[in-house]
Amino acid sequence: MNEPLLNELSEGILKVDEGLAIVEANSSARKLLGEVEGKALPDGLHVQGISKIVDSFISELKFETDTIYVKDDMTLYLRVKVVPPYIVMRNITNEKLFENAKMDFVNSIVHEFSTPLAVINGYVQLLIEKREKLPEEVLETIVRISRSTNRLARLVEELGLLSNLELQNYRVKVETVNLRELVDEAIGDLESKWKRKKLQIEVSVSPDIYAAADSMLLFRIISNLISNAVKYSSIGEKIEITSYETDRKIFLSVKDNGIGIKSDELPRVFERFYRASNAKTSGSSGLGLGLSLVKHALNLIGGTIDIRSRYMLGTTVTISFPKKI
């Protein structure tokens, strides 16, 4: 190691030999872990999930994980990256605490909003049932209230689901799911929106493709992707939904010719509450939760996501997930 240079880095760096002994540590690593040179890797880097770190090192595979390290009765969060023969550590405690604070806030919002929304919706439905006794202008107002209440209820539900996905509280139920049925259901749910914009939706998904996935999560994923394509497409444009299979995976793509995403903003689209700059000025509503939910849900069902976009020319989102074998 070029020790003078590495000692200037804020990341902790360990050099480990083939016998899993720590042979060198820069100043940031020593400040974090103490004097670890000469110790075995599991003893010097005493963190949760150390076995996976050791396994990847032995296999000479690059690996990255977020883990917990306890020092002087203080819990620190570390991002550990294995790049044999080096291990790089970054203290992400402040980031994690901020994320936890945001999550606590979201959970409070979900809890506090759910009950009053259910009460409001209950009374609105009672009024709608008595529609024949109400003046037409009053009924129209009640219907608007119902739509707004349902929209807010869906948002709260989505926040709650995202919170559970991020905290890994959601129990995945793997079942056999017909992909075409989920796509058709999502398109049907969004029918009023895409018809209002006179969009053409072309579907090239075989009715004989079956996934091994949680049906509710996969439906939410597909629905969010199609909803985004509808939201950011201009009147009269076309949305294409296609799929193909490999031996073990299914790939589904949703392509639009809408406003696209700037290349420098693409890395941030999976952040909660993040909306691209042109999305904010497009007049389309949203809080920027959809792709964050999609990313977390795909992680739980063993899927991946890839986004290709050209600013003002359109976006293609391709997801993969396990196939029923």
Side-chain angles (χ1 to χ4, degrees), residues 117 120-121 124-125 127-129 131 134-159 161-162 179-205 216 218-243 252-262 265 269 273-294 297 307-319:
L117 277 172
I120 293 169
N121 197 46
V124 167
Q125 294 309 312
L127 290 170
I128 290 176
E129 288 173 11
R131 67 179 68 199
L134 298 173
E136 187 174 338
E137 64 272 16
V138 174
L139 182 59
E140 287 177 3
T141 301
I142 291 170
V143 170
R144 289 195 194 99
I145 293 172
S146 178
R147 286 178 187 151
S148 296
T149 304
N150 287 332
R151 192 179 304 122
L152 185 55
R154 283 195 298 271
L155 171 60
V156 171
E157 182 188 1
E158 200 153 274
L159 277 168
L161 176 59
L162 179 56
L179 180 61
R180 180 58 187 259
E181 288 179 3
L182 289 189
V183 170
D184 288 344
E185 185 180 349
I187 292 171
D189 280 359
L190 296 164
E191 185 174 9
S192 62
K193 295 181 179 179
W194 57 263
K195 280 192 171 180
R196 193 182 308 129
K197 298 179 81 169
K198 300 178 182 177
L199 302 177
Q200 304 171 55
I201 298 187
E202 293 186 0
V203 182
S204 297
V205 176
M216 193 277 282
L218 188 54
F219 174 76
R220 286 297 188 104
I221 291 165
I222 294 169
S223 181
N224 267 296
L225 296 184
I226 299 174
S227 177
N228 277 351
V230 170
K231 187 183 297 183
Y232 299 119
S233 291
S234 298
I235 292 173
E237 289 184 339
K238 181 170 67 174
I239 294 171
E240 299 172 71
I241 304 171
T242 58
S243 69
L252 181 75
S253 294
V254 179
K255 178 184 178 183
D256 65 65
N257 300 293
I259 63 175
I261 306 166
K262 294 179 180 178
E265 294 184 324
V269 296
F273 305 114
Y274 181 79
R275 298 189 74 208
S277 56
N278 56 334
K280 296 173 188 174
T281 58
S282 68
S284 300
S285 61
L287 284 179
L289 293 174
L291 285 177
S292 180
L293 190 152
V294 165
I307 300 181
R308 306 291 171 92
S309 188
R310 296 176 66 193
Y311 183 57
M312 299 308 296
L313 292 175
T315 300
T316 300
V317 182
T318 303
I319 58 172

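Keep in mind that this is a model prediction, so the values were computed, not measured.
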Write down the atom of [X], the atom of [Y], and the distance for their closest heavy-atom approach.
{"X": "Ala186", "Y": "Ile226", "value": "CB-CD1, 4.0 Å"}
{"X": "Ser292", "Y": "Leu162", "value": "OG-CD1, 3.7 Å"}
{"X": "Leu252", "Y": "Ser243", "value": "CD1-CB, 4.0 Å"}
{"X": "Trp194", "Y": "Ile187", "value": "NE1-O, 3.0 Å"}
{"X": "Arg180", "Y": "Val205", "value": "NH1-O, 2.8 Å"}
{"X": "Ser233", "Y": "Leu199", "value": "CB-CD2, 3.9 Å"}

Ignoring hydrogens and angles, tell me if any N or O in the side chain of [X] forms a donor-acceptor pair with the backbone of [Y] under 3.5 Å.
{"X": "Lys197", "Y": "Glu237", "result": "no"}
{"X": "Ser234", "Y": "Gly258", "result": "no"}
{"X": "Asn150", "Y": "Ser146", "result": "yes"}
{"X": "Ser148", "Y": "Arg144", "result": "yes"}
{"X": "Arg308", "Y": "Thr316", "result": "no"}
{"X": "Ser223", "Y": "Phe219", "result": "no"}

Glu181 side chain near Asp184 side chain, heavy-atom distance below 4.5 Å: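 They are not in side-chain contact.
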Close side-chain approach of Leu179 and Ile222, heavy atoms under 4.5 Å: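 Yes; the side chains approach each other to less than 4.5 Å.
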Residue of the set Thr318, Ile319, Thr315 for which side chain to side chain contact (heavy atoms under 4.5 Å, CB included) holds with Ile307: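 That would be Thr315; it is the only one of Thr318, Ile319, Thr315 passing the side chain to side chain contact (heavy atoms under 4.5 Å, CB included) with Ile307.
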